[in-house]
Each structure stands twice: as C-alpha cells, then as structure tokens.
Protein chains: 2
Amino acid sequence: MLESIALGMLLERDLTGYDIKKLIENGIGVFYKASFGSLYPALKRLTQKGYLTTSEKPQGGRQKIFYHMTEKGREEFFDWLSSPMDIFEGTNTHLAKVYFFDNLEPEIREQKLLEYEINNKNYLSKLKDLEKKFDGMEHKECFYYKLSTLYYGICITQKTIQWCRHIRMQKALPDLIERER
Amino acid sequence: MLESIALGMLLERDLTGYDIKKLIENGIGVFYKASFGSLYPALKRLTQKGYLTTSEKPQGGRQKIFYHMTEKGREEFFDWLSSPMDIFEGTNTHLAKVYFFDNLEPEIREQKLLEYEINNKNYLSKLKDLEKKFDGMEHKECFYYKLSTLYYGICITQKTIQWCRHIRMQKALPDLIERER
DNA sequence: TCGCCCATGTAAAGAGTTACATGATTAA
DNA sequence: TTAATCATGTAACTCTTTACATGGGCGA
C-alpha cells in the first residue's frame, strides 16, 4: 500500500523521503497516515526491486537523497492503479466500540458518543479549511480526482456526525437511511 | 483490536475460537474481518495475560476449547470500551487509488469507478438483507447499539454510491456536500 | 461417499508503529 | 539562542494475512 502511494507521489518529479511524507500528509493524509519508520524502509524496498533509483545531492552539510522512478516502477504503479477495487478495507475501531455499547453504562456511553461527535466536528472543520484553500485555485480540472477524495472525506464525516446525533438521541434507526422512491 | 473484540464476544457466554469467528462475521463483520490465523494467537495471548481461562470439552472424538473471561479480562475489556474515541483509524485503499486517477486514462478510470460503485451496491444489498433479518425481531432495545453499526454501514455505503455516481459524471464537487443554513 | 461445514492450529512473510538516535538549517 | 522544522534512518515489537496441515461430523 505505502509502496504504491510512494510511487504515485514520484510520478511527476523526484523527491526525498521527507518530501514524500509531507505530500502524503497534505494530500492523501485525509484518509491515510504514514510514519517515517514505514516510509524509509518502503523506499529502500522499492529501490531494491528496481522501481526507484536514488541520487544523493548533498546540500550544504546535509545529506539529501532524491528518489526517481524507473520505467519498471511506473509500470508497477499503473498496475496497482488499474487493479480491481473490491470493497473491504478499513477496520473501524470506533464502530467496533459502539457495537459493544449496549453493555456500557448509559452515562459513559453518552459521553463517549458526544466525544466522538465532537472529534468528528473538529475533523470536519479541518477538511473544510482545506477545501477553502483549494477553492480559489485555478486549473481545478487537473486535479479533479485528487480533490474528489477531499470531498469524500467531508461527505462521510458529515454523515458520521448526523449518525452520532441520531443515536445519541436514541431515535429510530430506520430513519437514518434513505429509502428510494 | 482483535483482542478487545474477542473479549467483547465472550462477555455473555463461553465460546470456542470458531464460535467467536462466526460471531465476528455475523455481527461486527460489517466493518471488521478476522482470520483464524490472527484469532487463535490472539486468544492464546489473552489466556497468557490472564484475561481468559480455557476448558477443553471433548464432544465425541472432537476437541473443543471453550474460552471464559476472567474478572481481569472483564476489566480490561471495559477499559478499552471506555477509552477515548479519537478519529483516525482506517486507511482507505480505494480512496488512495482515486487520488491518483488524474493520471489514469479516462476509459480505465471510468471503468474502475463503475466497478467500485457496483461493488458498493452489492455490499449495500447485503447490508439491507441483514437489516430485514433484524427488522422483525423483538426486544430491539437490547441491541440498539449493535444495530446502529449496521445502519452506519448502510448510511456510509449509500453516501459512497452517491459519491461514485457524482464523480463518474464529473459533476461539480462542491455540490456533493451539505451546506448548513 | 462426497462435499461442506465444524474445529484448531502453525509458519512464513508482510506491513506498520513507536521509540530511539543523530544532526543541519532557519526564523523569531 | 532556542525552538521548530528539515532530514535520514534503525530496532524492537505488534499485528495480521495467506497458506498450509489435520481431522471429525453430517446430510444428500
């Protein structure tokens, strides 16, 4: 996973490991986190497999290692990108907790849910700030899909907040979902 | 994570590893998957830590190992259940792909998104079947929270399908989200 | 008797986290 | 000068997946 993402970040230009980390945080960071402890070994593996080449460019007394994608790496990346999108991926820790909430005392339950709702609201704020940042930019058609993931995050967070509110008030569950007609 | 879930499943009665696997599939399975390869070692760890005790009850020529939660295990479980619910958990593989879709040829992109939408629709059908199964049951108030996770799954999957359709048609992204007024 | 579900496990490999360890540059 | 950020990495650990290995019970 991280290997594919790292390759993707290197599509357009050569980057250092640190750059890649920043790009992940600022871009895909909405739904994916990477640590240095996983990133640097991943870059090493990719280099060993021949997907990347490195060039050390000392700037001042500081070592900087730029990674460059090979043709083989490019193929690998597009293979991943074109591979099937089945569902089922993310395990949701919080839902797992809620699943057992019937066994929890009402006050704590109430408090946990409110906490979760607030965390989601804060997160939504961050996402909306991001949205605003991109809103004024030109050539948005060049990164429609990149942006679409941000909007996905916003949608889902909004729904999650609605859901929290709904079950905090113990409203009827079937009212939560949309019935077609 | 899996350890906590296994403990949760053992709250009410003693179960075998196999039982726990089934319970996870049928309950929390909406958003969490566990394999035997992770479950059995997890149960072993929990036993070593003193959270579980085991009792072998051979039934016929078949060995069956029932797990029973100790008081210590119960405490551990409720500690987990009461621990903070921050956000950020699930890495979403598919979103990671979509993030790079600007670099993909339109036809493949189109196809992948449609594929994803269809997978989500199939998944939604499964969830709605589950919903129907629970719909007729009595004492629904005893598992309101358990059920709420199913409804969460339905909500989110519906939103995801909407999002797929929206971006497949390349509609304006800001129209996706709800603006308060 | 054949296939499916029940039932328990191990081994190898993969992926990631956290903490540690080091040091340079830059802006307040 | 000091704190933040830039920059790279390792080590130990945890968790999980996939594949393998074994065998009983049961219904058609």
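The model shown is predicted, which means the values in this text are computed figures rather than measured ones.
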Asks: Decide yes or no for Glu76(B) and Lys49(B): does some side-chain heavy atom of the first lie under 4.5 Å from some side-chain heavy atom of the second?
Replies: no
Asks: For Lys64(A) and dG9(D), what is the distance between atoms NZ and P respectively, to the nearest whole Å?
Replies: 13 Å
Asks: Take atom CD of Gln48(B) and atom C1' of dT14(D), then tell me their distance rounded to the nearest Å.
Replies: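 Checked: the CD to C1' distance equals 14 Å.
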Asks: Minimum heavy-atom separation for Leu7(B) to Leu52(B), with atom names?
Replies: CD2-CD2, 3.8 Å
Asks: Please give, in whole Å, the distance from dA13(C) P to Glu3(A) CD?
Replies: 16 Å
Asks: When you measure from the side chain of Ile65(A), which nucleotide among dT18(C), dG9(D), dA7(C) comes out closest?
Replies: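 Per side-chain heavy atoms of Ile65(A), the pick is dG9(D).
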Asks: Rounded to whole Å, how long is the line connecting atom CG of Leu39(A) with atom P of dT10(D)?
Replies: 12 Å
Asks: Just the rounded figure in Å: distance from P of dT14(D) to CG of Leu46(B).
Replies: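 Atom CG in Leu46(B) sits about 14 Å away from atom P in dT14(D).
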Asks: I'd like to know if Lys72(B) and Glu75(B) make a salt bridge, using a cut-off of under 4.0 Å between side-chain N and carboxylate O.
Replies: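 Here Lys72(B) does not pair with Glu75(B) in a salt bridge, since their nearest N and O are not under 4.0 Å apart.
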Asks: In terms of side-chain heavy atoms of Gln63(B), which of dA15(C), dT8(C), dT16(D) is nearest?
Replies: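 In terms of side-chain proximity for Gln63(B), the closest of dA15(C), dT8(C), dT16(D) is dT8(C).
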Asks: For the pair made of CZ in Phe36(B) and C1' in dC6(C), what is the distance, rounded to whole Å?
Replies: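 It works out to 9 Å between those atoms.
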Asks: Would you say a side-chain N or O of Tyr67(A) is under 4.0 Å from OP1 or OP2 of dT8(D)?
Replies: no
Asks: Using a cut-off of strictly less than 4.0 Å, decide whether Tyr18(B) has a side-chain nitrogen or oxygen near OP1 or OP2 of dT8(C).
Replies: no
Asks: May I ask you to decide if the ring planes of Phe77(B) and Trp80(B) are parallel, tilted or perpendicular, using 30° and 60° as cut-offs?
Replies: tilted
Asks: Is Arg45(B) near enough to dC15(D) that one of its side-chain N or O atoms lies under 4.0 angstrom from OP1 or OP2?
Replies: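 True: Arg45(B) side-chain N/O within range (under 4.0 Å) of dC15(D) OP1/OP2.
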Asks: Rounding to a whole Å, what distance do you find between Leu2(A):CG and dG16(C):P?
Replies: 5 Å
Asks: Taking only side-chain nitrogens and oxygens of Lys21(B), does any of them come within less than 4.0 Å of OP1 or OP2 of dA7(C)?
Replies: no
Asks: Do the side-chain N or O atoms of Thr16(A) get closer than 4.0 angstrom to the phosphate oxygens (OP1, OP2) of dT8(D)?
Replies: yes
Asks: It should be established whether Ser38(B) places a side-chain nitrogen or oxygen under 4.0 Å from OP1 or OP2 of nucleotide dC15(D).
Replies: no
Asks: Nearest-nucleotide wise, let me know which of Ala34(A) and Lys22(B) is further upstream toward the 5' end of DNA chain C.
Replies: Lys22(B)
Asks: Any side-chain N or O of Tyr40(B) less than 4.0 Å from the OP1 or OP2 oxygen of dA21(D)?
Replies: no
Asks: dT17(D) C1' sits how many Å from Ile24(B) CD1, rounded?
Replies: 15 Å
Asks: If you look at every strand shown and take non-hydrogen atoms under 4.0 Å, does Gly17(B) touch a base, only sugar-phosphate, or nothing?
Replies: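 The answer is sugar-phosphate, as Gly17(B) gets under 4.0 Å only of primed atoms, P, OP1 or OP2.
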Asks: Is the shortest side-chain heavy-atom distance between Leu11(A) and Phe78(A) below 4.5 Å?
Replies: yes
